[in-house]
Amino acid sequence: MGNSHNSARFAALTLFISTILILLVTACDRGAVERHQPPREPPVNASATAAQGIPPYIETGDLAAIRDRGVIRFVNLGGSELDLLPRDSIVTLKHITLANKLAEKLKLEARWIEARTPQEAIEMVQAGKADIAAYSLTDTEARRQLVDFTVPLLQSRQKLVTSLDGPGIGDPEQLRDVELIAQTGSVYIQTAKRLIAQNPDANLSIKQAVVYEDRDALVDLLKEKKNRVAILDDYIADNMLSYRKDIRVGAAVSESENIAWAVRKDSKQLLTRVNNYLTRNLVKAPDERISDWKAIKQSGVIRFLTYNRPSVYYLWKGVLMGFDYDLAKAFAEKHDLQLQVIVVPYDETLIDWLKAGKGDFAGALKNITQERIDQGVTFTHSYRETPEQVVSNRNKPEIKQIQDLAGRTLTVRANSPFIATARTLKRSGIDVEVEVAPAEISIAELVDRIAEGELDATIVDNDDAMMAASLRPELSPGTLVSDPRPQGWMVMPQNKQLLKKLDVFLAKYRKSEAYPTKVAAYFEPNKRFTQHVAARVIPGKDLSPYDTLVKRSSLEYGFDWRLVVAQMWQESNFNPKAVSPVGAQGLLQVMPATAEDMGFPPPLFEPDRNIQAGLKYLNWVRDRFEPTLPAVERLWFILASYNAGYGHLLDARRLARELGLNPDVWFGNVEQAMLKLSEPQYFTKARYGYVRGAEPVQYVRKISHLYHAYTDVASGDTELNQVQHRLSPTHQVSPHPVSQ
């Protein structure tokens, strides 16, 4: 991808579509306020929307009054979406998860409202525009005049943070000629003012910024000038250090402070209920030690060691997922335990961390081998078996059988079981060259180099081979070269009770109805990306059975209805009952959590509600981009964000800039960075971690092709026909997209 032919083709396509989109520029330029501007009025009705018949309202009563309404309103700075990939945390104790489960306990419907700053969130609770500020708020005396705080979720100290080229930050009294970055509406402002007052001759100043949603933008601010220093809570700084190596953390500039939620003053019933709930859930993970089952149960936490990598543990559309993660979470829930996920650095081994007592069990689709057992661990029963398979470039002779390897070169991943397989093939008499890649080259990078014609062939697990080939048409899966290999989790041999519990769980899970669904979700090629568009559309006729509905919603949000129809075909083949293996629903395959955040509780199989939810989310994503971004490029960024998640698009744009590519252009630039985010050398430094980058790349390309074709046969006119289509949620549709 990204060769000169494709670049020219997409450049021409972009010019063509630019003409079509001139009338949309005004609508598309309703982007969010630039991130360093003063805060705007908060979107009070971000979730309680008119689409649900729940207009924004003021409620200043206690829990009884909230129960009468049947709705509890939470406010934070990001809505109900996860803001990052947890790398070392109890994932079931995230604010969003905790709040939603609290609503379930109270038998109330959760509503999420988005504020711009912590101070706005507090003021919204005080004014009765929200009920609970479910966010990491610093408990201060000044804020206690406005709201009441819950029991502390944690303690934190504010610290100085700067870039690698920034000033010395080991002693606050030594700061000279420094610009202090303090986020608007935060307690950091008061800390910065105190530092200035304590050092009147140091020439210190304050620069306020609104960068809560994109913490990486804070690092960009630090790197703009060498004299800048930010003030951050230590837990935020530590999280940033887990994926960014271009910052330094220095001295503390505050005493230890409580971090808590906030409720309205004098809401004694609500405060007591929330405190009781949080106290029950605020558990402490065990220290680095090998814990037996009794100790695990007493702590209330079980620690799972894994990698952030494909099909194991990653963030997709704001949802944590992965085969090992899902199974580990189900095991924890079965035994009433909180799951702490600990992401092991890619260049270190799960076995070493397990033996060091940093976790209780470990797994990442690991083959059960005698070599690993000899290193001092034991395996559970197998939860999956997969053979190894050859992958080569489609433009080279196909490797249909083992004999076809003669004269070819296999480049295999360092420290992988594929080395032994390749060498066994060579010893069997096959004239194949075996090369071991450098240790820093991942399987994903090997596969990418084969797709680009730089390498001949490799060996990977069958699951990875089929998935990669479904997303990269340049790849050709070849012959199987092993029997199915069993895979399992690892524990320490002395932890026999945990091993027994895991074995019982896995045996039952393999027989459950959920098991084949999980396998399909993570290991089977996505049919949406392997479909062939062959049927023809007759000019002047409908593009889909839902044109009228799409035109109505597209008109409301200022999108070209033909683009939405192209996206709808790609998502569901016009099937309103479609459900993806990971739970996305309906015509536009909206994730239930996303729909809930947009004010459309699932199920989402009724066409009109699904289209409205999807368009509202597209509009939400569009408003996250800067208004100066060209309208056409923003279109591709919106589609990529819809498919992979807004966070991964942010990571890709940042990486594009670092690679010398244009972060404001999708084709040939940001799409190339998105592909690289499947390689450890890049995704380990990204805030949102691993992404299966080939999927959003193919997604945008296929929709852009289809959109181009649709503009040839259908008008951009959004006037609704006088005769309305009669649609039913159960109506079965025969797809008929345009040929290409």
Side-chain angles (χ1 to χ4, degrees), residues 304-314 321-332 339 341-344 346 349-354 359-391 412-413 415-422 424 442-444 447 458-468 477 480-493 495 498-512 514-525 581 690 692:
F304 179 54
L305 299 167
T306 192
Y307 291 123
N308 171 214
R309 49 165 285 193
S311 302
V312 173
Y313 175 65
Y314 59 100
M321 56 179 58
F323 189 73
D324 286 274
Y325 168 71
D326 285 353
L327 264 62
K329 189 168 182 288
F331 175 78
L339 178 68
V341 174
I342 301 171
V343 175
V344 177
Y346 198 82
T349 71
L350 297 180
I351 292 177
D352 286 344
W353 279 52
L354 186 64
D360 301 310
F361 69 121
L365 297 172
K366 287 295 184 182
N367 288 346
I368 300 174
T369 66
Q370 189 60 48
E371 179 185 4
R372 287 175 173 147
I373 294 172
D374 291 342
Q375 293 181 54
V377 299
T378 189
F379 278 89
T380 62
H381 295 324
S382 174
Y383 58 49
R384 178 155 173 75
E385 298 80 31
T386 183
E388 297 171 6
Q389 187 171 16
V390 172
V391 176
V412 290
R413 171 84 164 94
N415 305 313
S416 72
F418 309 128
I419 299 174
T421 302
T424 298
S442 67
I443 289 176
V447 172
T458 190
I459 298 175
V460 296
D461 286 330
N462 165 256
D463 299 325
D464 292 334
M466 300 307 295
M467 188 66 71
L480 299 177
V481 290
S482 79
D483 294 328
R485 310 286 198 194
Q487 297 170 330
W489 284 333
M490 298 178 289
V491 300
M492 294 303 294
N495 209 336
L498 173 59
L499 178 62
K500 182 178 179 180
K501 298 287 185 183
L502 290 170
D503 279 341
V504 170
F505 168 78
L506 292 174
K508 289 184 178 179
Y509 197 87
R510 289 202 67 162
K511 297 177 182 177
S512 71
Y515 182 79
T517 301
K518 294 293 181 189
V519 171
Y522 295 116
F523 305 116
E524 294 180 4
Y690 166 83
R692 196 163 60 197

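Since this is a predicted model, take the numbers as computed values, not measurements.
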When rounded to the nearest 0.5 angstrom, what distance separates [atom1] in [X] from [atom2] in [Y]?
X    : Y    : atom1 : atom2 : answer
L305 : D360 : CG    : CG    : 8.0 Å
I373 : M490 : CD1   : CE    : 10.5 Å
E371 : I351 : CD    : CD1   : 8.0 Å
I443 : R413 : CD1   : CZ    : 6.5 Å
D461 : M466 : CG    : CE    : 13.0 Å
K518 : Y509 : NZ    : OH    : 5.0 Å

Considering non-hydrogen atoms only, spot the tightest contact between [X] and [Y] and give its length.
X    : Y    : value
M492 : G376 : CE-O, 3.8 Å
P387 : S482 : CB-O, 3.5 Å
Q389 : P477 : NE2-CB, 3.6 Å
F379 : K366 : CE2-O, 4.3 Å
M321 : D326 : CA-OD1, 4.0 Å
A422 : V412 : CB-CG1, 4.3 Å

Q. Taking 4.0 angstrom as the limit, do R510 and E385 come out as a salt bridge?
A.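 So R510 pairs with E385 through a salt bridge.
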Is the closest side-chain heavy-atom distance between [X] and [Y] below 4.5 Å?
X    : Y    : result
L506 : H381 : no
V460 : E388 : no
S311 : L365 : yes
Q375 : T349 : no
F331 : L327 : no

Q: Test D324 against Y307 for side chain to side chain donor-acceptor pair (under 3.5 Å), laying out the working first.
A: CA-CA 10 Å; D324 286 274; Y307 291 123; over 6 Å; no
Q: Go through the structure and list residues passing ring pair (Phe, Tyr, Trp, His ring centres under 6.0 Å) with F361, not counting sequence neighbours.
A: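 Ring pair (Phe, Tyr, Trp, His ring centres under 6.0 Å) list for F361, sorted by chain: F304, W489.
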Main-chain N/O of [Y] paired to [X] side chain as donor or acceptor, under 3.5 Å:
X    : Y    : result
N462 : T386 : no
S382 : Q487 : yes
R372 : N367 : yes
Y515 : K508 : no

Q.
Out of the candidates Y314, Y313, Y522, only one should pair with Y325 under the ring-ring contact (aromatic ring centres under 6.0 Å, His included) rule; please name it.
A.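 Answer to the ring-ring contact (aromatic ring centres under 6.0 Å, His included) test with Y325 among Y314, Y313, Y522: Y313.
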Q | D374 atom CG, neighbour heavy-atom count above 12 within 6.0 Å | A |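 For D374, atom CG is crowded (more than 12 foreign heavy atoms under 6.0 Å).
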